[in-house]
Amino acid sequence: MEINLGSESKIFELGNLENPEPPCCRVICKLLCSGEKEVDLAVQSAKAAFKTWSQMSGMERSRVLLEAARIIREQREEIATLETINNGKSIFEARVDIDISWQCLEYYAGLAGSLAGEHIQLPGGSFGYTRREPLGVCVGIGAWNYPFQIACWKSAPALACGNAMVFKPSPFTPVSVVRLAEIFTEAGVPKGLFNVVQGGVATGQFLCHHPDVAKISFTGSVPTGIKIMEMAAKGIKPVTLELGGKSPLIIFSDCALENAVNGALMANFLTQGEVCCNGTRVFVERKILDAFTKEVVKRTQKIKVGDPLLEDTRMGALINRPHLDRVQGFIKQAKEQGAQVLCGGDLYVPDDPKLKNGYYMRPCVLGNCKDDMTCVKEEIFGPVMSILPFDTEEEVVERANNTKFGLAGGVFTRDIQKAHRVVAALKAGMCFINNYNISPVELPFGGYKASGFGRENGRAAIEYYSQLKTVCVEMGDVESVF
Ligand SMILES: NC(=O)c1ccc[n+]([C@@H]2O[C@H](COP(=O)([O-])OP(=O)(O)OC[C@H]3O[C@@H](n4cnc5c(N)ncnc54)[C@H](O)[C@@H]3O)[C@@H](O)[C@H]2O)c1
Ligand SMILES: C[N+](C)(C)CCCC=O
């Protein structure tokens, strides 16, 4: 893979080969941060490509996106391996991420040909119509937990609507999105339509302030989301913010217990727990608290942690040493505040000497949790589940909503009326009934409250990557008031 590097700014490394002692691991590549000049070059080349792409019909764009989806499907194994090396997640999960990525491209390819406005009849034979038009050069800024998938969730609807995109991945996971750019080019998008710039805060700021950028779609933390919104406000640019969460998962005593346990594991331990929509506050009806807890702990202890490239590994390494330390800090604080570590939470050192400095920990289940504990209130973004007992539906709904976040929520029950009643009362954008953390690309995804706004996936995303032009057509004479 050829990595398109800027010439300015400092080099950043993914790991450090020269000094393989903690806190560093191995270098897999060295990249230059894109400076102001490189950001401008990327935006200008995207702007030039936009002229061609936006004039193509939806069907023509659809064919190109389908070809990109086909290449990704064909190269699934290679891209999944790259993503595992990029992020540290298990190859098993990386394959799922890649599948969701090509499905996303296929879905928006399917919509591209049918994007249309309305015809509205007016008096005297006059009429109006609306045109759904692209915005121009959109910026995508990604987090490190789903690098390839986030880039697809942003670029697929953006390109389907006729936009160009400049994408900046997280500096912790800069690699796989470069492959996506190559694939778009192989598939036939005009040169420069999807550009990648590399770097961190400064590069992101150059992008957000650029006068030729029409829209910013951001995935990341709440504090950065606030800064993105402030920068966008200065240029009156629309934003999509996909931010953090501390989502509730509510397990009623009438659930199918095995499904509920599976759901709780899905809600907490994908991608080493580094998932924005995780259901980390697991509310369990007191009647089944012991049975549920016993089973969830047993199953958590069986999760195979280690070399993410091995077929049977289900949990790989956390993103970096500071983040691992931060997660460990939350567990220490939880213990100090009275929570009980029911399993895991300790560092894991694989037998393989080449992995001994990796950022591994055992997945953790915390019992004896209370709503006011830090581990229950703050997003940990690691493999830490907090179990909280409850007694009544009314009580649990109130406690579930008692958070600044509103990204997701889940309910396990066999009572279908209760299930719909409870999800209707949850103040969260993405709710699951009797499952958790599955990702059909047909369904809109996004948050309430501090978890952000705008939607990715589904038809809804089209609204956020296009604008409506209204055309009013007079068929008679002009009746002037003057
Ligand atoms: N809602 C979602 O879909 C979703 C998905 C994944 C992650 N997240 C959230 O992301 C967070 C973890 O990801 P992270 O640590 O990469 O988040 P982050 O906010 O630190 O960084 C996200 C991206 O923003 C860039 N950035 C940082 N400061 C910037 C600035 N001032 N201007 C412009 N760009 C800037 C970073 O380089 C990175 O590319 C968690 O809070 C998680 O919940 C949300
Ligand atoms: C694919 N998941 C598991 C729904 C995660 C979506 C992106 C959030 O971090």
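Indexing begins at 1, ligand by ligand and atom by atom, following the structure's order.
- The protein atom (non-hydrogen) at minimum distance from atom 2 (C) of ligand 1 is C276 SG, 3.1 Å.
- Across E379 and G244, no two heavy atoms sit closer than the pair OE2-CA, 3.4 Å.
- Ligand 1 places these atoms under 4.0 Å from at least one heavy atom of L407: 1 (N).
- When side chains are defined from C-beta on, F184 does not count as touching L193, because their heavy atoms never get closer than 4.5 Å.
- You'll find the ring centres of W102 and F148 outside the 6.0 Å limit.
- Note: no N/O pair closer than 3.5 Å links K227 and ligand 1 by distance alone.
- Put simply, part of M231 is less than 4.0 Å from ligand 1, judged by heavy atoms.
- For the residues T240, V201, L241, the heavy atom positioned nearest atom 31 (N) of ligand 1 is part of V201.
- Scanning all protein heavy atoms for the shortest distance to atom 9 (C) of ligand 1 gives G220 O, 3.0 Å.
- F172 does not count as a contact of ligand 1, since none of its heavy atoms falls under 4.0 Å from the ligand.
- Every atom of ligand 1 with a heavy atom of N145 under 4.0 Å away is listed here by number and element: 6 (C), 7 (C).
- Remark: minimum distance from atom 3 (C) of ligand 2 to any protein heavy atom is reached at Y146 OH, 3.3 Å.
- Here the heavy atom of the protein found nearest to atom 4 (C) of ligand 2 is S439 OG, 2.9 Å.
- Between K168 and ligand 1, an N or O atom pair is found at a separation short of 3.5 Å.
- Protein heavy atom closest to atom 41 (O) of ligand 1, with residue, atom name and distance, is E379 OE1, 2.7 Å.
- Nearest heavy atoms, K237 versus H210: NZ-O, 2.8 Å.
- Distance from atom 12 (C) of ligand 1 to its nearest protein heavy atom, with residue and atom name: F381 CE2, 3.6 Å.
- Shown in contact with S170 at under 4.0 Å from a heavy atom are these atoms of ligand 1, numbered in order with element: 39 (O).
- At the shortest separation from atom 8 (C) of ligand 2 among protein heavy atoms lies C276 SG, 2.4 Å.
- Residue S451 has no nitrogen or oxygen atom sitting less than 3.5 Å from a nitrogen or oxygen atom of ligand 1, judged on distance alone.
- Proximity to G204 (heavy-atom distance under 4.0 Å) selects the following atoms of ligand 1: 33 (C), 34 (N).
- In this structure, of I141, T224, T219, the residue bringing a heavy atom nearest to atom 22 (C) of ligand 1 is T219.
- Every atom of ligand 1 is numbered from 1 in the order shown, and the set under 4.0 Å from a heavy atom of G142 is 22 (C), 23 (C), 38 (C), 39 (O).
- Contacts between E242 and ligand 2, counted as non-hydrogen atom pairs separated by less than 4.0 Å, are absent for every part of the residue.
- Remark: ligand 2 and N145 share an N or O pair separated by less than 3.5 Å (distance only, no angle test).
- Shown in contact with P169 at under 4.0 Å from a heavy atom are these atoms of ligand 1, numbered in order with element: 39 (O).
- Note on ligand 2: E274 sits outside its first shell, no heavy atom being nearer than 4.0 Å.
- Protein heavy atom at the shortest distance from atom 6 (C) of ligand 2 is W153 CH2, 3.8 Å.
- Contact atoms of ligand 1 toward P171: 37 (O) (distance under 4.0 Å to a heavy atom of the residue).
- Atom numbering of ligand 1 starts at 1 in the shown order; those under 4.0 Å from a heavy atom of F445 are 3 (O).
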